[in-house]
Protein chains: 2
Amino acid sequence: MKTKDRIVAAALQLFNERGEANVTTNHIAAHLGISPGNLYYHFRNKNDIIHCIFLQYTDHLRKSFTPVSGQESASPAVWFHYLDAIYYVMWEFRFFYANLNDILQRDPALHQQYLAVQQELAVNLQALLRELNNQQVLAIPDEEIEPLTEVLRMLVSFWVSYQLAQSLTPRISQSVLYQGVARVLLLLKPYFHLEKGRELATLMAHYQAMGSTSSDPFHK
Amino acid sequence: MKTKDRIVAAALQLFNERGEANVTTNHIAAHLGISPGNLYYHFRNKNDIIHCIFLQYTDHLRKSFTPVSGQESASPAVWFHYLDAIYYVMWEFRFFYANLNDILQRDPALHQQYLAVQQELAVNLQALLRELNNQQVLAIPDEEIEPLTEVLRMLVSFWVSYQLAQSLTPRISQSVLYQGVARVLLLLKPYFHLEKGRELATLMAHYQAMGSTSSDPFHK
DNA sequence: GTCTATATTGGGATAGAC
DNA sequence: GTCTATCCCAATATAGAC
């Protein structure tokens with residue numbers, strides 16, 4: 001593994017574990033057993049490192065949230081896929097969600113790219129909900145689809161921050177992220193067709209179980 | 001007005017206008033035409049100033065969100081009262097919401113007080129929704145009240161942050177905060193009894209109008 | 001590519017005079 | 001209470017040898 005990649009990997013790990021604001025370039029270098037100067041040979045500055053991580057992030061989002069064909073969208077297996085993807089991205093890039101505004105504010109170029117990805121996600125999510133309406137899974141009034149998807153994106157984007165604010169310990173657990181996923185389902189629940197109650201109950205039960213704190217000590 | 005109070009007022013204003021992270025103690029002093037040393041005569045440090053602002057914040061919350069008697073809760077006028085109070089606190093202390101995690105993380109004592117107030121709010125909000133259930137206004141399944149109130153608090157607490165992330169300009173407008181209030185109603189809408197459709201529509205229309213950008217240029 | 005040593009910066013905070 | 005002057009510190013970033 002090239003030094004440049006090792007730096008990115010170490011940065012992601014340390015950012016996630018200790019918070020981006022608490023990890024300096026010196027920490028990253030020390031963690032890898034290289035000098036600060038060496039790190040600056042590979043990256044212009046800290047933002048440059050974050051930008052590399054961000055590329056992985058958007059890659060992931062684009063792969064995980066590509067729309068599926070109409071038929072498929074009605075399958076609970078696909079719902080699991082999407083919801084798991086939400087969990088995964090929240091966990092894998094939690095440092096980013098934990099400091100979203102700081103990071104975006106200090107790097108306008110990154111902010112612009114962020115907005116572009118968010119726009120794609122918004123479009124895809126709205127299309128998905130419309131498709132689920134068509135497939136008789138959901139019954140969301142048309143004019144509510146846009147604001148509802150916005151609330152859902154907002155919920156996912158700031159669930160990590162919310163959880164950090166709710167606890168004195170700066171570490172977030174996997175289980176609280178599953179609780180976030182369960183909240184997504186909660187907000188959609190009133191719109192599910194009654195015939196889908198069974199499938200919905202299965203999903204809710206799953207993510208609630210994953211979100212119960214007792215599952216956490218195992219560090220699954 | 002005593003210097004100490006002037007400092008707090010100036011800090012709140014500058015924090016709201018430029019973002020807490022971008023306002024140094026020197027800026028505050030310069031804005032008031034006093035010396036940095038003078039500022040430090042009145043406050044141990046910057047956190048100390050924020051703490052004073054936070055006391056105003058909690059004062060406000062406690063006054064605005066005290067529970068009302070069961071009967072009253074069914075009155076649309078009371079709903080307006082609560083929703084306007086949400087708007088007001090988001091606007092008046094938007095710097096705090098914009099930087100919640102940074103501020104809490106660097107001051108554990110403040111964080112503890114924050115958690116205490118949040119706990120009060122959670123209890124009051126749950127009680128309010130239960131009362132609205134009783135008054136035949138809402139029909140929220142009992143087990144959903146707690147998670148739903150959590151999502152609502154989360155929505156309000158991070159709406160400002162969300163809006164900042166959604167725009168390249170670091171200023172937030174009053175209208176986007178009204179949009180946030182409208183989202184609160186949106187999430188509750190599925191649970192409203194049908195007979196209350198009229199009142200609900202009035203509320204939604206009001207906050208949507210306030211949230212429309214065309215109302216903003218007037219800086220109401 | 002990697003190192004050591006160091007320059008730079010800027011905000012937080014204090015000392016001591018007035 | 002208020003001022004001026006200054007210290008302190010930590011993180012970012014660079015210079016130049018190896």
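Chain letters run A, B, ... following the sequence lines, proteins first, then strands; residues in each count from 1. In what follows, every heavy atom counts, from backbone to side chain, and hydrogens, waters and symmetry copies are set aside.
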Nearest-Å distance, [atom1] ([X]) to [atom2] ([N])?
| X | N | atom1 | atom2 | value |
| --- | --- | --- | --- | --- |
| A/Asn26 | C/dT6 | CG | P | 15 Å |
| B/Arg106 | C/dG12 | CZ | C1' | 12 Å |
| A/Tyr41 | D/dA17 | OH | P | 17 Å |
| A/Ile50 | D/dT12 | CD1 | C1' | 13 Å |
| B/Ile49 | C/dA13 | CD1 | P | 9 Å |
| B/Lys46 | C/dG10 | NZ | C1' | 12 Å |
| B/Leu39 | D/dC3 | CG | C1' | 13 Å |
| A/Ile7 | C/dC3 | CD1 | P | 10 Å |

Hey, could you give me each pair passing salt bridge (Lys or Arg N to Asp or Glu O under 4.0 Å) that has a residue in residues 48-66 of chain A? Not counting sequence neighbours. A/Asp59-A/Lys63, A/Arg62-A/Glu120
Can you tell me if the side-chain N/O atoms of B/His42 get under 4.0 Å from OP1 or OP2 in D/dT2?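 Yes.
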Does D/dA13 have OP1 or OP2 sitting under 4.0 Å from an N or O in the side chain of A/Tyr40?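 Looking at the OP1 and OP2 atoms of D/dA13, one of them is under 4.0 Å from a side-chain N or O of A/Tyr40.
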Using a strict heavy-atom distance below 4.0 Å, which residues from residues 28-38 of chain A are in contact with DNA chain C?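 Nucleic-acid contacts, sorted: A/Gly33, A/Ile34, A/Ser35, A/Gly37, A/Asn38.
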Distance, nearest 0.5 Å, that separates CG of B/Leu138 from NZ of B/Lys189: 13.5 Å
A/Tyr57 versus A/Tyr114, side-chain donor and acceptor atoms under 3.5 Å: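 Looking only at side-chain atoms, A/Tyr57 and A/Tyr114 do not form any donor-acceptor pair under 3.5 Å.
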Please name the pair of heavy atoms, one in B/Ala165 and one in A/Leu115, separated by the smallest distance, quoted to 0.1 Å. O-CD2, 3.4 Å
Any idea which of C/dG12, D/dG1, C/dT2 is nearest the B/Thr25 side chain? C/dG12
Ring centres under 6.0 Å, that's the criterion: do B/Trp159 and B/Tyr162 meet it? yes
Qualifying residue, where the test is side-chain contact (heavy atoms from CB on, under 4.5 Å) with B/Ile50 and the options are B/Asn45, B/Ile103, B/Leu55: B/Ile103
Can you classify the ring geometry of A/Tyr207 versus A/Phe80 as parallel (below 30°), tilted (30 to 60°) or perpendicular (above 60°)? tilted
